Each structure stands twice: as structure tokens, then as C-alpha cells.
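One is the number of the first residue; the rest follow in order along the sequence. Each ligand, and each atom within it, is numbered from 1 in the order the structure gives. Being a predicted model, the structure only gives us computed values, none of them experimental. Only this structure's heavy atoms are used, side chains among them; waters, hydrogens and symmetry mates stay out.
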Amino acid sequence: MIRILPEPPIWKAAIAFDFDDTLVLKSGGGSLNSHFFDCIQWVRGSYGVAWGIATGRSLYQLIEGFNEASFPVLPDFVVAREREIYFPGQFGRWVPHDSWNQRCERDHERLFRKSKRVFAKVRKFIEAKTAARWVSVEGDAAGIVASSEGEMDEIQSFIEGLARQANLSFERNSIYLRFSHRSYNKGSGLVEAAERWGITPEHILAVGDNFNDLSMLQPEVSAACGCPANAVDPVKEFIRQRGGKVAGKPGAEGVVEVLGHYFAP
Ligand SMILES: [Mg+2]
């Protein structure tokens, strides 16, 4: 049974972790070192830190991940699909942040309607020139799964070279790419979620490993940042340049290192 933690008397900071390959390693079979939970519960209780997961997974896929990794407690917030916000409610139900999620959905519908031609071009390109797949499902109208990182590099440069709607952006996570509205990403979702406790970017720490984490690793979103040792090079480089913490260990062990860097026991 996953517990919901009681709220600390004052909320002073927020931390967002990416899920896949930041907390849970592909190579680790979905499990997570329990030391992470000791650390995060200590940080939460001692410093009044709200912690959450910002992920490319849908909420449903993330809940599966929590179960696989035997999460003993639920996070204080979730940013799913790199843009939807949820808070834990009673009886283990997740409560959507309605005003944000509804505006997000409307903005995406409108933008994607206007972007049909651009999507058709991208689709034609990947079907003719690559082994990648175009993915269009409910709630996720426009995405690509490539067969390799190199292939996704190629697709990414093709997309970057296209004339497209000013608001049309995308989030890339290794071989996955999801089109999105420029105003919605892990970064803007994190800032909005932290607002719930009146926490501003000077008191936010973000930790991630891949391209789709870069939006929350920006200084205007998180004053503090870090990544595990397995992060992709551009993310490591970005964090180093910002003066953040690049951990020496991969996955959750690296995340614990990042926590130790910012929160002294
Ligand atoms: Mg990741």
C-alpha cells in the first residue's frame, strides 16, 4: 500500500525528478534503491520540500512504474506527458490540476489543427527515409518512435529545418519525440505545480537525464539542478555550465548524491 505523507508545517522548496533513467534505470529492471526514499522523506520532513515526478509517461504508465518500483510513498505532485499536472488525492486517486490541464488540452488541439500540414511532411519524411514510426493515439496526437538515437538525431534536424507554427515545439527523450505547444513542458509544468505551495524558482531543484528535461533545468525554472552520471552528454554539459551537480553515480544513487550536494544532513 502506497502511503500519502502528512504535510510538513511550512513548504519551503520543491524538487522535481525525472522518472526513467533518472530514478529508475532501464538496466535496473524497474526497481529503485530504497535509500532514495529515506533521503527524500528526510529532506521533505526536515526542509519542508514538496517533491514530484516530471515525466514523459502518461499518468497511467507512471502509476505502473510506481508499482514496479515499489514506491512506499506517493510524490506530492506529478507532471505527466511532459505537460499535465496531478496532485495526490484521497484513497490513492490522482486529482488533475483542472484549470491548467484543460487549458493545455485546448491549446494543443488548436495548435495541432493548424499544424496538420507540418505533421504530414514529417510523417512523409520518416516513412520514406527512416525506420521510425509515426504515433497518433488519443491524448497523444503527434509523436515519433525512432529505431535508434542516430536516426532520431536525423529526424530532429529535419523538424528543426521546417517552417512551422511559432508555438509548435517538441520534446525529445532518446528515441522518442512528442510534438507539443511551446508553453507546456516539464519546466512550465513544474513552475505551475510549485505555485500551489507558493514556491518560486529560487527554491526549486530539478534533476533529469535527457533532452526532455532541459526545459526544467533552465535557471528561470530551477535555481538548483543536477543529473545522474548516465545523463546524455548535452544535459551533463548544460548542468556543468550552470554550476549544478553532475553525479558520479547513475540513476537513483546519483540522485541521492545530488540531494546530498544541496541538502546537508
Ligand atoms: Mg529520463
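Salt-bridge formation is not detected for the pair Arg196/Asp76: no Lys NZ or Arg NE/NH1/NH2 atom is positioned less than 4.0 Å from an Asp or Glu carboxylate oxygen. Using a 4.0 Å cut-off between a side-chain N of Lys or Arg and a carboxylate O of Asp or Glu, Lys26 and Asp20 do not qualify as a salt bridge. Taking 4.0 Å as the cut-off between side-chain N and carboxylate O, Glu237 and Arg240 count as a salt-bridged pair.
At least one N/O/S atom of Asp20, whether from backbone or side chain, sits less than 2.8 Å from the Mg ion (ligand 1). Here Asp18 reaches the Mg ion (ligand 1): one of its N/O/S atoms is less than 2.8 Å from the metal.
Of all N, O or S atoms in Asp209, the one lying closest to the Mg ion (ligand 1) is OD1.
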Exercise for review: Could you check Glu149 against Arg172 for salt bridge (charged side-chain N to carboxylate O under 4.0 Å, His left out), going step by step and ending with a plain yes or no?
Suggested key: CA-CA 10 Å; Glu149 292 268 359; Arg172 176 183 173 182; 3.0 Å; yes
